[in-house]
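First the structure, in the form of structure tokens, and then the observations on it.
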Amino acid sequence: MIKKKKILGVVTARSGSKGLKNKNILKFGNKPLLAYPIIALKKSLMMDYIFLSTNSKLYAKKGAKYGSKTPFLRSKKLSTDRASSEDVILNILNLFKKKNKNFDIIILLEPTSPLTNFKDVKKILNF
């Protein structure tokens, strides 16, 4: 939390990639691709909640190993290659709202940018 704002870190990692099968759990270095943004969010020490948005129980399990939570899986409608990140975020916020969890700031990181690190996250949030 910063400046009394609740911060949600979101990593989007759906299964079903058409170009490179299971790209989000393929090893990059010694970790699956989805691990890097989760680690960056966690190491920033600024997140109130780190959520892995996925449609896969396997991806959720791998993400949990690095510190993310997936209390619900992404719907089929939001798991297509045409689903927008904006629609995914709005859905997440609505589902959390139903559980009386609200956030002031949302940080979205994607597994396909594994070089984003905790320093980048801190720079974004030090506004």
Side-chain angles (χ1 to χ4, degrees):
M1 181 182 289
I2 79 168
K3 299 179 185 177
K4 300 195 183 211
K5 303 283 185 183
K6 291 193 77 171
I7 304 171
L8 172 64
V10 176
V11 176
T12 54
R14 71 174 179 89
S15 67
S17 173
K18 292 179 182 173
L20 190 56
K21 187 175 171 80
N22 288 314
K23 73 178 174 202
N24 291 316
I25 57 171
L26 291 177
K27 295 276 180 154
F28 180 75
N30 60 350
K31 294 184 258 321
L33 207 52
L34 63 74
Y36 291 90
I38 295 168
I39 292 166
L41 292 167
K42 188 174 179 179
K43 282 182 76 176
S44 77
L45 303 175
M46 299 177 102
M47 299 299 116
D48 292 289
Y49 199 99
I50 299 172
F51 179 76
L52 176 64
S53 175
T54 185
N55 59 329
S56 166
K57 288 181 182 177
L58 174 61
Y59 284 28
K61 184 177 178 180
K62 289 187 180 285
K65 179 179 175 184
Y66 295 95
S68 67
K69 297 177 185 173
T70 308
F72 43 84
L73 293 176
R74 198 186 307 181
S75 70
K76 285 185 182 184
K77 178 182 174 185
L78 293 173
S79 298
T80 68
D81 55 358
R82 291 182 172 230
S84 72
S85 295
E86 179 183 0
D87 288 338
V88 170
I89 293 294
L90 290 172
N91 180 256
I92 291 166
L93 292 175
N94 285 330
L95 291 170
F96 274 125
K97 190 174 184 177
K98 288 179 183 177
K99 295 183 178 215
N100 292 318
K101 287 188 182 210
N102 295 295
F103 299 93
D104 301 299
I105 299 171
I106 299 132
I107 301 292
L108 170 67
L109 297 182
E110 297 179 338
T112 51
S113 297
L115 300 181
T116 302
N117 64 43
F118 76 97
K119 292 176 186 175
D120 299 317
V121 173
K122 290 181 96 119
K123 282 181 195 174
I124 291 167
L125 290 169
N126 285 319
F127 51 87

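Nothing here was measured: the structure is a model prediction, and the numbers come from that model. All values below come from the heavy atoms of this structure, side chains included, with hydrogens, waters and symmetry mates left out.
- Considering only heavy atoms from C-beta on, L93 comes within 4.5 Å of L8 through its side chain.
- In this structure, I92 is not a member of the same hydrophobic cluster as M47, with clusters built from ILVMFWY side-chain heavy atoms closer than 4.5 Å.
- For the pair K101 and F96, the cation-pi test (distance below 6.0 Å, angle within 45°) is failed.
- Side chain of T80 to main chain of R82: a donor-acceptor pair is present (N/O by atom type, distance under 3.5 Å, no hydrogens or angles).
- Without hydrogens or angle criteria, R74 side chain to S79 main chain gives no donor-acceptor distance under 3.5 Å.
- Put simply, the side chain of N126 gets close to the backbone of K122: a donor and an acceptor are under 3.5 Å apart.
- The distance from atom OH of Y36 to atom NZ of K31, rounded to the nearest 0.5 Å, is 4.0 Å.
- K69 forms a cation-pi arrangement with Y49, by the criterion of a distance under 6.0 Å to the ring centre and an angle within 45° of the ring axis.
- The six-membered or imidazole ring of F103 lies away from that of F51, with a centre-to-centre distance of 6.0 Å or more.
- Put simply, L26 and V11 are part of two different groups of oily side chains (I, L, V, M, F, W, Y) that touch within less than 4.5 Å, one to the next.
- Across G67 and I50, no two heavy atoms sit closer than the pair O-CB, 4.1 Å.
- Scored by the side-chain contact (heavy atoms from CB on, under 4.5 Å) test, K57 finds L73 as partners (sequence neighbours excluded).
- With rounding to the nearest 0.5 Å, the separation of CZ in F118 from CD1 in I39 is 12.0 Å.
- Summarising the geometry, atom NZ belonging to K23 is positioned 8.5 Å from atom CG belonging to L33; distances are rounded to the nearest 0.5 Å.
- Atoms CD1 and CD1, from I7 and I107 in turn, are 6.5 Å apart once rounded to the nearest 0.5 Å.
- Pairing each heavy atom of D48 with each of K6, the nearest pair is OD2-CA, 3.1 Å.
- Residues forming a side-chain contact (heavy atoms from CB on, under 4.5 Å) with T116 (at least two apart in sequence, or on another chain): L109, S113, D120.
- No side-chain heavy atom of K61 sits under 4.5 Å from any side-chain heavy atom of S56.
- Of all heavy-atom pairs between A40 and V121, the closest is O-CG2, 4.2 Å.
- The side-chain hydrogen bond (donor to acceptor under 3.5 Å, both in side chains) check on Y59 picks up N22, with sequence neighbours excluded.
- Looking at every heavy atom in both residues, P71 comes nearest to K99 through CB-NZ, 4.4 Å.
- For S53 against V10, the heavy-atom pair with the smallest separation is CB-CG1, 4.4 Å.
- L108 has its side chain within reach of S85: a pair of non-hydrogen atoms, C-beta onward, lies under 4.5 Å apart.
- Atoms CD1 and OG, on I124 and S44 in that order, are 9.5 Å from each other to the nearest 0.5 Å.
- Here the CZ atom belonging to F28 is positioned 13.5 Å from the CG atom belonging to L34, to the nearest 0.5 angstrom.
- For T54 against S15, the heavy-atom pair with the smallest separation is OG1-N, 4.4 Å.
- Distance alone, capped at 3.5 Å, is enough to place a donor-acceptor pair between the S68 side chain and the G63 backbone.
- I38 has its side chain out of reach of K62: every pair of non-hydrogen atoms, C-beta onward, lies at least 4.5 Å apart.
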Starting from the C-alpha separation in whole Å, work towards a yes-or-no answer on side chain to side chain contact (heavy atoms under 4.5 Å, CB included) for R14 and D81. CA-CA 9 Å; R14 71 174 179 89; D81 55 358; 3.2 Å; yes

